[in-house]
Amino acid sequence: MWRGTRAIVHLDRLQHNVKILKSLLAPDVRLMATVKANAYGHGAHEVSLAALAAGADQLGVAMAEEAMALRQFGIAAPIMIFGALPPRAANAIVEQGITATVASVDDVRLLDQVGRINDKPARVHVKVDTGMGRLGVRDEAEMLAVLTAIEDSSYVQLEGMFTHLSSADEMQTEAGFSYTRMQRDRFLAALATARRAGFHVPIAHLANSAGLLWDASFHFDMVRPGIALYGYHPAPDWDTPVELLPVLELRSVITRIASMSRGEAISYGRLYRTDASERIATVALGYADGVPRALANKGYVEVNGVPAPMVGKVCMDQLMVNVTDMEARVGDEVVVYSADLASKASLARHAEVMGTIPYELLCGIGGRVPRECHPKLDVGLHDAL
Ligand SMILES: *Cc1c(COP(=O)(O)O)cnc(C)c1O
């Protein structure tokens, strides 16, 4: 596009990550690619097609709108919604053959009614709260009530049961590991109770990226990796058993270079003052594009391979960097979030500086940043699926 700011999405690296994660699984364990939040900012349509083509069995999203958008793109693969069931979405979910999460008898009754109206089955997974404290049945009585309601309904079909780990990214610590093990044991107990009561649970699943990477005792029948697909380890200092490749790079261009004299103020609030005579470059993106304002005086961009420090506050649409003594011209492309983990401009380092996780920076990349896939998504791929 005209401005030159863009996110480059390396679909070949995404496919590498899918395949390498799959290589950790027993052959009968399914892989659900988590593509919520526009595939963590990467572009849900393209990522879904690439992931399915690389061997993902199905897709997971957070909400019904995301599932509908994928269906509108023509994706026919199974899609599951992780979030709570909004009554207003029930009709669209059943109509489009999306798999819903249920956590109450009311959820089941609603889907049964909607299934009857559409004369279509409603496939569901029962969510069990094993210690995340967010969503799901909270004890055996609640779980058995939901399972019984499913059994009593004509249109609702039980496809799976699942839970979500709260501390899988802290498995290297004793406290994190023992909590995660406790969640797994509670889930095993819930499954045993359901099966002892005669319910057939085809697909049990609990593992996010961290659970998948930890060991096979967390894999059950299916895994739901998100961040690992996009090339990041769930915890920065975790040496995972496989080499994941970061998928996204955020790039922009230099729109101005000014030779400043000593003591000139840069950006809002005059947070930065030039030291001696400095060359200050203006870059064509800002916090509306997802670069946090608080990276002021802390972040780096790469200019012709050399890290240049951000100076002054990040503006809505622009930011400034110090390119003194560097090769830099107006029109040069700069890397703002690098996929190279060794770079000072790496997305992982920017997340660390901000006291957050790569997830948040990826999801924050603004809607006005065009996503460019490399290699280009093969149009024929659509028909192949
Ligand atoms: C987001 C999400 C995942 C993926 O988590 P990662 O840590 O990105 O692997 C898996 N399951 C559920 C229910 C989620 O909400």
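In each ligand, atom 1 is the first atom listed, and ligand 1 is the first ligand listed.
For residues 1-15, the pairs satisfying salt bridge (charged side-chain N to carboxylate O under 4.0 Å, His left out) are R3-D289, R6-E333, R6-E372, with sequence neighbours left out.
In summary, D185 and R181 do not engage in a salt bridge, as defined by a charged side-chain N under 4.0 Å from a carboxylate O.
Every residue meeting the side chain to side chain contact (heavy atoms under 4.5 Å, CB included) condition with P292, not counting sequence neighbours, appears here in chain and number order: L295, Y337, M354, L361. For D57, the salt bridge (Lys or Arg N to Asp or Glu O under 4.0 Å) test picks out K22, with sequence neighbours left out.
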Q: Apply side chain to side chain donor-acceptor pair (under 3.5 Å) to the pair Q183 and H164, showing each step before the final yes or no.
A: CA-CA 8 Å; Q183 283 196 272; H164 191 49; over 6 Å; no
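Within 4.0 Å of ligand 1, the residues that place a heavy atom are T34, K36, Y40, F82, R134, H164, N208, S209, R224, P225, G226, I227, Y359, listed by chain and number.
With values rounded to the nearest 0.5 angstrom, F218 atom CZ is found 6.5 Å from L165 atom CG.
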